[in-house]
Amino acid sequence: MIIKRYSCILLLSIFTGLVTNQTAFAQPHLECYAYVTEMVRSSNFPVHEVGKDKINLLIDDDQPNMISAQVVYDVISQPDNPNTSVAIGWIKYDVNKHILWNNSADLNEHRVQLTYNKKYAVGFDQCHKKHR
């Protein structure tokens with residue numbers, strides 16, 4: 001009985017340690033997304049609803065070579081509309097080639113390459129390498 005108890009405690013400690021380590025590695029990577037957000041804000045992505053400083057990204061897919069995200073802006077929720085964000089398009093970021101694409105629904109087959117401030121690509125690379 002005592003051996004089982006210690007075995008359970010040891011397994012729980014190992015499992016908790018693994019979860020903690022995974023969380024520790026996952027969290028810093030999230031801060032790297034701020035650079036991608038700033039890429040979009042500094043880009044020629046067409047935003048008419050709000051100022052570019054108000055847009056954010058909802059990361060849809062993060063592959064080693066490509067990040068896909070929905071471009072949104074936050075709104076104050078109303079009783080008739082509980083949503084707190086409005087989607088205004090999609091982007092893809094080619095991590096290796098440093099190319100930012102407007103990949104919105106009507107552009108899926110003919111995406112448009114965006115221009116942006118390259119300092120955010122440098123910042124993303126440095127952040128990404130630091131937290132691998």
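Sequential numbering from 1 along the given sequence is applied to the chain's residues.
Here the straight-line distance linking atom CG of N102 with atom CG of L114 works out to 5.5 Å at 0.5 Å rounding. Note that CZ of R111 and CD of Q113 are 9.0 Å apart. Values are rounded to the nearest 0.5 Å.
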Can you list, pair by pair, the side-chain donor-acceptor contacts under 3.5 Å of residues 65-74, counting residues two or more places apart and other chains?
from	atom 1	to	atom 2	distance (Å)
N65	OD1	N96	ND2	2.7

Would you list the atom pairs, donor with acceptor, under 3.5 Å between side chains in residues 51-59 and any protein atom, with sequence neighbours excluded?
from	atom 1	to	atom 2	distance (Å)
K52	NZ	S43	O	2.2
K52	NZ	F45	O	3.1
N56	OD1	R41	NH2	2.8

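Listed by chain and residue number, Y35, E38, M39, S42, N117 satisfy the side-chain contact (heavy atoms from CB on, under 4.5 Å) test with Y120 (two or more places apart in sequence, or in another chain). In this structure, the ring-ring contact (aromatic ring centres under 6.0 Å, His included) partners of Y33, at least two apart in sequence or on a different chain, are H29.
Nearest heavy atom pair, residue G89 against residue S104, reads CA-OG, 3.4 Å.
The hydrophobic cluster containing F124 does not contain V122, counting ILVMFWY residues as joined when their side-chain heavy atoms lie under 4.5 angstrom apart, directly or transitively.
Contact check for D125 versus H98: side-chain heavy atoms found under the 4.5 Å cut-off. Considering only heavy atoms from C-beta on, V36 comes within 4.5 Å of I91 through its side chain.
Residues W101 make up the rest of the hydrophobic cluster containing I99, defined by ILVMFWY side-chain heavy atoms closer than 4.5 Å, directly or through other members.
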